[in-house]
Chemist: 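Here it is, the structure in full.
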Amino acid sequence: MTLTTTDATVPTDTPAPSTPPVSQATRLQNAQPVLEKLFALYPHLFGANFLPLKLGVFQELLAKHPDDFDRDTLKLALGVHTRSSRYLQCVAAGMKRHDLQGIAVDDVAPEHIYFALVELFRRKQLRSNEDLRPKLRVRLLAAFDASGLTRQDYQARVQTNDASANALLAEALAERDQQLAKQEALRRAFESSGKSVEEFADMYGMALRDVARALGPTDLRPTAP
């Protein structure tokens, strides 16, 4: 799976750098003094715990600290910061975007959460011999559920040119369909059985908690005669 972090995981209204590409080591070296300054000014955003930044924070920092930052090095530093795994983790967790005062102001867009999850998976998979795709599918489904979007709208917003990423999401959604179909079949079998939940679980050799979870809230279950 080959994915790269897109600008969707960073404040998207920051401009593209005007300088030619440089090596990763040089980027980090050039960004370090600016990152240290950002930490000194805003430890609640750039300190031990990272927070997703509100869109437009680049322009706000330039306007508020014209003597501390120039356009290109600030853009470079924010790019390094927002592409770090620690920052991507807070985006993937669905934390709100924060302003310079540390006040939560906006939700992170569903597609930004998705891109952060996929990029973190890519980085972890490169360092692991374990197949991490099952874990990612669970997190993708949780992110989809939290988005409140329909499947069609969600897929339209997160679609990329990376076929492997698109296929992984399709697998996760297909897995969800299978789970729902099994739950529906189990519910229908229970309703026609005339058994209590305990009796039904014992009859099929299933754990009681698994049956109870599949059947849903207690008040929606039929009462055995």
Side-chain angles (χ1 to χ4, degrees), residues 1-28 31 50-56 58 75-97 106-185:
M1 185 172 191
T2 56
L3 291 174
T4 57
T5 309
T6 69
D7 283 341
T9 61
V10 303
T12 54
D13 50 355
T14 53
S18 57
T19 54
V22 294
S23 69
Q24 180 68 10
T26 301
R27 281 171 54 86
L28 292 173
F50 288 179
L51 292 173
L53 301 173
K54 65 167 288 188
L55 301 181
F58 174 80
K75 172 61 173 69
L76 175 63
L78 285 177
V80 170
H81 176 74
T82 55
R83 287 173 173 82
S84 69
S85 293
R86 285 177 60 199
Y87 185 86
L88 291 176
Q89 285 166 0
C90 70
V91 172
M95 299 175 66
K96 286 183 174 291
R97 293 191 179 277
D106 295 304
D107 291 330
V108 172
E111 58 268 30
H112 296 179
I113 296 174
Y114 169 83
F115 295 139
L117 284 169
V118 171
E119 175 61 14
L120 286 170
F121 158 77
R122 185 190 69 82
R123 295 180 186 183
K124 292 178 181 178
Q125 189 63 82
L126 289 173
R127 302 191 304 268
S128 176
N129 293 324
E130 178 189 358
D131 183 2
L132 301 178
R133 287 176 297 176
K135 294 179 180 179
L136 177 60
R137 285 197 292 267
V138 171
R139 295 202 65 183
L140 289 178
L141 287 176
F144 165 63
D145 291 338
S147 73
L149 297 172
T150 65
R151 177 178 298 197
Q152 182 178 6
D153 288 343
Y154 187 80
Q155 287 183 292
R157 291 177 68 164
V158 306
Q159 195 81 6
T160 70
N161 293 327
D162 192 308
S164 59
N166 298 333
L168 195 59
L169 177 61
E171 289 174 12
L173 294 173
E175 188 176 283
R176 165 62 56 83
D177 289 341
Q178 293 175 357
Q179 292 171 351
L180 292 177
K182 289 180 180 178
Q183 288 180 351
E184 180 60 23

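All figures in this text were calculated on a predicted structure; none of them were measured in a lab.
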Chemist: Can you tell me how far apart CD1 (Ile113) and SG (Cys90) are? Round to the nearest 0.5 Å.
Modeler: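 Interatomic distance, Ile113 CD1 to Cys90 SG, rounded to 0.5 Å: 10.5 Å.
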Chemist: Are the side chain of Ser128 and the backbone of Lys124 linked by a donor-acceptor contact shorter than 3.5 Å?
Modeler: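 Not at all, since once roles are kept as given, no pair shorter than 3.5 Å links the two residues.
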Chemist: Quick one: CG on Leu173 to CZ on Arg176, what's the gap to the nearest 0.5 Å?
Modeler: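 Leu173 CG to Arg176 CZ: 8.0 Å, rounded to 0.5 Å.
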Chemist: How many angstroms lie between atom CD of Glu111 and atom CD of Gln159, to the nearest 0.5 angstrom?
Modeler: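 One finds 12.5 Å between CD of Glu111 and CD of Gln159.
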Chemist: Find out whether Leu168 and Leu136 are in side-chain contact, i.e. whether some heavy atom of one side chain is under 4.5 Å from a heavy atom of the other.
Modeler: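 Leu168 vs Leu136: side chains touch.
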Chemist: May I ask you to decide whether Glu171 forms a salt bridge with Arg133, counting only side-chain N to carboxylate O separations under 4.0 Å?
Modeler: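 The answer is no: the pair does not qualify as a salt bridge.
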Chemist: What's the shortest heavy-atom distance between Leu149 and Phe144, and which atoms?
Modeler: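 Minimum heavy-atom separation between Leu149 and Phe144: O-CE1, 3.5 Å.
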Chemist: To the nearest 0.5 Å, what is the distance between CG (Leu180) and CD (Gln178)?
Modeler: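 So the CG of Leu180 and the CD of Gln178 are separated by 10.5 Å.
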Chemist: So do Arg83 and Tyr87 actually touch side chain to side chain, heavy atoms under 4.5 Å?
Modeler: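 Of all side-chain heavy-atom pairs linking Arg83 with Tyr87, none is under 4.5 Å.
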Chemist: Which heavy atom of Arg123 sits nearest to which heavy atom of Ser84, and what is that distance?
Modeler: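 The pair with the smallest heavy-atom distance is NH1-C, 3.6 Å.
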Chemist: Within this structure, what is the CD-OG1 distance for the pair Gln155 and Thr150, rounded to the nearest 0.5 Å?
Modeler: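 Rounded to the nearest 0.5 Å, the CD-OG1 separation comes to 9.0 Å.
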Chemist: Walk me through whether Gln89 and Phe50 qualify under side-chain contact (heavy atoms from CB on, under 4.5 Å).
Modeler: CA-CA 9 Å; Gln89 285 166 0; Phe50 288 179; over 6 Å; no
Chemist: Looking only at non-hydrogen atoms, find the nearest pair between Arg139 and Ala92 and report the distance.
Modeler: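 Closest approach of Arg139 to Ala92: NH2-O, 3.8 Å.
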Chemist: Donor-acceptor check, side chain of Arg97 to backbone of Leu53, threshold 3.5 angstrom: yes or no?
Modeler: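 Side chain of Arg97 to backbone of Leu53, a donor-acceptor pair under 3.5 Å: yes, one is there.
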Chemist: Which pair of non-hydrogen atoms, one from Leu120 and one from Ser85, has the smallest distance, and what is that distance?
Modeler: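 Taking every non-hydrogen atom into account, CD2-O, 3.8 Å.
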Chemist: Please give me the minimum heavy-atom distance between Tyr154 and Leu140, naming the atom from each residue.
Modeler: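 Nearest pair, atom of Tyr154 first, then Leu140: OH-O, 4.4 Å.
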Chemist: Do any N or O atoms from the side chain of Asn166 and from the backbone of Thr160 form a donor-acceptor pair under 3.5 angstrom?
Modeler: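 Confirmed, Asn166 side chain pairs with Thr160 backbone.
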Chemist: Between Asp162 and Arg122, does any side-chain N to carboxylate O distance fall below 4.0 Å?
Modeler: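 Salt bridge absent between Asp162 and Arg122.
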Chemist: Looking at side-chain heavy atoms only, is the closest gap between Gln125 and Asp131 below 4.5 Å?
Modeler: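 A side-chain contact under 4.5 Å exists here.
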Chemist: Which heavy atom of Tyr114 sits nearest to which heavy atom of Ala165, and what is that distance?
Modeler: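 The answer is OH-O, 3.3 Å.
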Chemist: What's the separation between atom CG in Leu88 and atom CD in Glu119, rounded to the nearest 0.5 Å?
Modeler: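 Output value for this atom pair is 6.5 Å.
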